[in-house]
Amino acid sequence: MKNIIFDMDGLLIDSENITFHIYKDYLSQIGYRYTKEMYISLLGKRKEFAQEQFKKDFGSSFPFDLFWEQTHIILDQELVHKPCLKIGCIPLLEYLKEHSYTIILATSSCKNRALNILKGQHIDHYFNDFICGDQVKNGKPHPEIFLEACKKIHCEPNQAIVLEDSETGIDAAFQAGCSVICIPDMIEPDFDHKKKCNYILSNLLDVLTIL
């Protein structure tokens with residue numbers, strides 16, 4: 001199979017740890033305690049889910065819109081202007097391009113954000129196409145984003161390999177009918193999610209050993 005679908009945050013970009021520390025620092029400054037467990041519960045989810053979770057954790061009066069705006073201004077500046085690619089990102093993308101793989105990004109992030117980050121990290125040119133969270137109705141774990149990715153690159157789901165880091169991404173790719181390679185970031189997938197994966201690898205470099 002020569003069709004590869006990449007997630008972005010936590011897979012290509014080391015955004016999860018950066019995001020957690022930005023959230024934690026901001027919330028500490030306004031009097032809230034934020035834990036890694038609370039952050040992990042949001043991984044792979046859309047903004048609407050995060051908003052509900054923050055209101056649940058901190059009360060209905062929590063200023064979510066202001067929090068989201070301020071933290072993501074800081075976050076996106078860091079992700080665009082500071083090196084934050086995951087181990088093996090460039091060697092893997094170079095190999096795929098050199099060997100005529102079709103490469104598409106499927107991310108829950110909105111298109112403008114995703115493209116700005118990829119351009120800032122100088123990897124946007126590796127991708128044949130993009131499908132982003134604001135271009136689909138249903139977010140992960142719904143399979144829509146991966147089904148749409150396959151349509152964009154004119155392949156059947158069983159002809160595509162999805163690279164993911166989160167359990168919600170694994171669920172979405174598995175339900176779409178794609179092969180799944182998981183490269184965990186902040187958390188290891190549980191037993192049930194591991195069974196949905198064809199491979200679980202340590203980093204992007206390891207992908208080269210199985211292609």
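Heavy atoms from other residues, nucleotides or ligands lying under 6.0 Å from CD1 of Ile87 number 12 at most. The local environment of NZ in Lys2 is crowded, with over 12 non-hydrogen atoms from other residues, nucleotides or ligands closer than 6.0 Å. Within a 6.0 Å sphere centred on OH of Tyr199, other residues, nucleotides and ligands contribute 12 heavy atoms or fewer.
Judged by distance alone, with hydrogens and angles left aside, the side-chain atoms of Gln175 form no donor-acceptor pair with the main-chain N or O of His142 at under 3.5 Å. Although no hydrogens or angles enter the test, the distance criterion places no donor-acceptor pair under 3.5 Å between the side chain of Glu144 and the main chain of Val136. Under a 3.5 Å cut-off, the side chain of Glu78 and the backbone N or O of Ile73 do not form any donor-acceptor pair. Of the possible polar contacts, none joining the Asp7 side chain to the Leu163 backbone as a donor-acceptor pair under 3.5 Å is found.
A side-chain N or O of Ser109 and one of Asp9 form a donor-acceptor pair less than 3.5 Å apart.
Clustering ILVMFWY residues whenever any of their side-chain heavy atoms sit less than 4.5 angstrom apart, transitively, puts Phe58 in the very cluster that holds Ile40. Residues Leu208 and Ile4 fall within the same hydrophobic cluster, defined by Ile, Leu, Val, Met, Phe, Trp and Tyr side chains chained together at heavy-atom separations under 4.5 Å. Criterion: ILVMFWY side-chain heavy atoms under 4.5 Å apart, direct or through other members. Under it, Ile210 and Leu93 are part of a common hydrophobic cluster. In the hydrophobic clustering of ILVMFWY residues, with side-chain heavy atoms under 4.5 Å counting as a link, Ile131 and Phe6 come out apart.
Tyr39 contributes atom OH, which lies 6.0 Å from atom OH of Tyr23 (distance to the nearest 0.5 angstrom). Atom OG1 of Thr107 and atom CD1 of Ile117 lie 8.0 Å apart (nearest 0.5 Å). Interatomic distance, Lys111 NZ to Asp134 CG, rounded to the nearest 0.5 Å: 8.5 Å. Here CD1 of Ile145 is found 11.5 Å from SG of Cys150. Values are rounded to the nearest 0.5 Å.
Residues Ile183 and Asn203 share a closest heavy-atom pair of CG2-CA, 3.6 Å. Across Ile5 and Ala106, no two heavy atoms sit closer than the pair CG2-CB, 3.6 Å.
Annotation: Tyr126 is not in aromatic contact with Tyr101 [ring centroid separation under 6.0 Å not met].
At a threshold of 4.0 Å, the pair Glu94-Lys97 does not count as salt-bridged, since none of the basic side-chain nitrogens sits closer than that to a carboxylate oxygen.
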Practice problem: Apply side chain to side chain contact (heavy atoms under 4.5 Å, CB included) to Asp25 and Ile74, showing your working. | Solution: CA-CA 11 Å; Asp25 291 346; Ile74 299 168; over 6 Å; no
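Screening residues 157-185 for salt bridge (Lys or Arg N to Asp or Glu O under 4.0 Å) gives Lys86-Asp185, Lys140-Glu164, Asp171-Lys196 as the qualifying pairs, with residues at least two apart or on separate chains.
When side chains are defined from C-beta on, Ser15 does not count as touching Cys84, because their heavy atoms never get closer than 4.5 Å.
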